[in-house]
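As the structure is a computational prediction, the values presented were derived from the model and not from experiment. The figures here come from the full heavy-atom set of this structure, side chains too, leaving out hydrogens, waters and symmetry mates.
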Amino acid sequence: MPAQYQVLVGALSYVRHVAESISFEFRAERAVSPLDGTQLWVVLDAGLVVHREASDFLRCLQGAGRSPHTIRAYAGRTAFFLGWCGAQGVDWRHIGLPDLARFKHWVEVTSTRGGRTRSGSTVNAILTTVCEFLRFCARTGLIEAAVAERLSEPRWLRFTPPGFDAGESGQFRTVRARALKARAETPFPDALTAEQARTVFACCRRPRERFLVILLHDTGLRIGEALGLRRCDMHLIPDSRSLGCATVGAHVHVRHRANPNGALAKSPNPRVVPASDAVLAGYADYQHERAETLGEEGNDMVFVNLYHEPLGAPMGYRAAKRFFDRLASQCGFPVRPHMMRHSAATNWVRAGVDLDVVQALLGHASLASTTVYLHARDEDKRSAVESVAAGRRYR
């Protein structure tokens, strides 16, 4: 790691994935440059020495434009894997499928810090990180290529996802798939009901808080996309042609770019999301609150600190998390930023919006990511059964 970066020991000590039953020798930490304040994640051993291969892997993820949440998760999982290898006496540079299978089994049967066993999707997320880390090391010549090749095997796709091009003779149906995979159920997106949404709105005490919730709930933006908005992205007027924008109606521009608060749009492709009347009203109230606190001048970022120092600085992920944690405590049920996105998508699908339109609004690269919102609710299934049993036509 470059000398100009200083490791913040204790920034995220022994990430949440690590069970307390075993004391591992590796940990994920943030490193911050004293020159420009840029941040990156590193993996340290017991002597607080940077693990070069793991830290280079995380640096490449950052260079590839992966989101800060993804890099943080990969840092913890990589440290988790290296710690297990150290505790079991396994040389990670020459690991084979039998050892990786032992690691998978250990992850499945051990408990997390909260005493819960990991779901299949969590186990697969950890295995995906390990495989990506080893493939990176193989590509860069840090380990033998055969180590990474043993992690996957050719597999013929019996069922293909929507939009998949199998080729004229089906030649693309054979892909390389991970050799080890845990059984995982596809969970339904966790969305708010109409009553829960009203409760969340009522618990927002200040204009900025209410605007953030309405924006996420009505536009389906990710929290990183919302925190990365600039004032020039908010085209909340009927006609934006005077601004050089050909899009008709009030809308928000979502762009992938570096931001001073570390917020990052996941997709590299820009998109436009129409804004509802509630978004316009919430933004006007928030702008009035912001002007009273900071004046007309200030940071170009849309979301800035108004309630704590440093005033006017871009609002970060931690401040957003604290806000949503407080909302959940007041509401009495889980409230997370991504639930607002799920709620927006679910509401669009239930209103009969075409799935390709929902895909465009959410910024999904694949239609398969959008089809998860087509799930049937319990009340839908019960209504169908009771309607047919009663001789009525189900609608």
Side-chain angles (χ1 to χ4, degrees), residues 15-17 66-74 76-77 118-122 124-125 128 184-201 203-204 208-229 252 254 256 259 261-267 271 273 276 278-279 282 302-303 315-350 353 355 358-375 377:
V15 292
R16 290 175 291 179
H17 302 292
R66 305 293 284 270
S67 73
H69 289 299
T70 299
I71 298 174
R72 179 177 63 180
Y74 273 45
R77 295 167 189 164
R118 298 173 180 85
S119 65
S121 58
T122 300
N124 285 330
T128 297
E185 296 182 358
T186 302
F188 292 153
D190 198 2
L192 297 174
T193 65
E195 182 179 353
Q196 287 176 327
R198 287 191 292 268
T199 302
V200 171
F201 295 148
C203 289
C204 295
R208 189 195 69 179
E209 297 174 349
R210 183 174 179 81
F211 172 61
L212 176 58
V213 171
I214 292 176
L215 178 69
L216 298 179
H217 183 271
D218 284 15
T219 64
L221 265 63
R222 301 176 178 91
I223 184 61
E225 294 170 341
L227 296 179
L229 289 174
V252 176
V254 180
H256 181 89
N259 292 301
N261 56 355
L264 190 68
K266 184 177 182 179
S267 173
R271 74 180 190 276
V273 183
S276 64
V279 170
V302 170
F303 290 99
M315 182 180 178
Y317 285 107
R318 291 186 178 182
K321 184 180 184 305
R322 287 194 299 267
F323 164 56
F324 279 95
D325 287 345
R326 180 177 63 78
L327 273 184
S329 177
Q330 290 180 325
C331 294
F333 51 81
V335 182
R336 297 181 296 273
H338 221 62
M339 290 178 67
M340 304 297 162
R341 179 173 170 84
H342 291 327
S343 301
T346 300
N347 292 338
W348 291 330
V349 170
R350 300 257 175 233
V353 178
L355 205 59
V358 178
Q359 177 189 3
L361 288 170
L362 295 176
H364 284 158
S366 170
L367 190 62
S369 300
T370 315
T371 56
V372 297
Y373 297 103
L374 294 176
H375 66 275
R377 299 174 298 181

Closest heavy-atom contact between [X] and [Y]?
| X | Y | value |
| --- | --- | --- |
| Thr219 | Trp348 | O-CH2, 3.3 Å |
| Gly363 | Ser267 | O-CB, 4.2 Å |
| Phe324 | Leu216 | CZ-CD1, 3.7 Å |
| Ala320 | Leu227 | CB-CD1, 4.3 Å |

I need the [X] [atom1] to [Y] [atom2] distance, nearest 0.5 Å.
| X | Y | atom1 | atom2 | value |
| --- | --- | --- | --- | --- |
| Thr193 | Phe333 | OG1 | CZ | 7.0 Å |
| Lys266 | His69 | NZ | NE2 | 11.0 Å |
| Lys321 | Ile223 | NZ | CD1 | 12.0 Å |
| Phe211 | Cys204 | CZ | SG | 12.5 Å |
| Leu264 | Arg222 | CG | CZ | 10.5 Å |

Item to check | Side-chain donor-acceptor pair present, Ser119, Thr122, cut-off under 3.5 Å | outcome: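 Side-chain D/A pair, Ser119 to Thr122: present.
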Next on the checklist: Can you tell me which residue among Thr346, Asn347, Val200 is in a side-chain contact (heavy atoms from CB on, under 4.5 Å) with Leu192?
Outcome noted: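 Filter result, single survivor: Val200.
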Would the distance check show the side chain of [X] and the main-chain N or O of [Y] forming a donor-acceptor pair, the cut-off being under 3.5 Å?
| X | Y | result |
| --- | --- | --- |
| Arg341 | Leu362 | yes |
| His364 | Gln359 | no |
| Arg271 | Leu361 | yes |
| Arg210 | Phe201 | yes |
| Thr199 | Glu195 | yes |
| Asn259 | Asn261 | no |

Checklist entry - With a 4.5 Å heavy-atom cut-off, do Glu225 and Val252 have their side chains touching? => result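 No, side chains not in contact.
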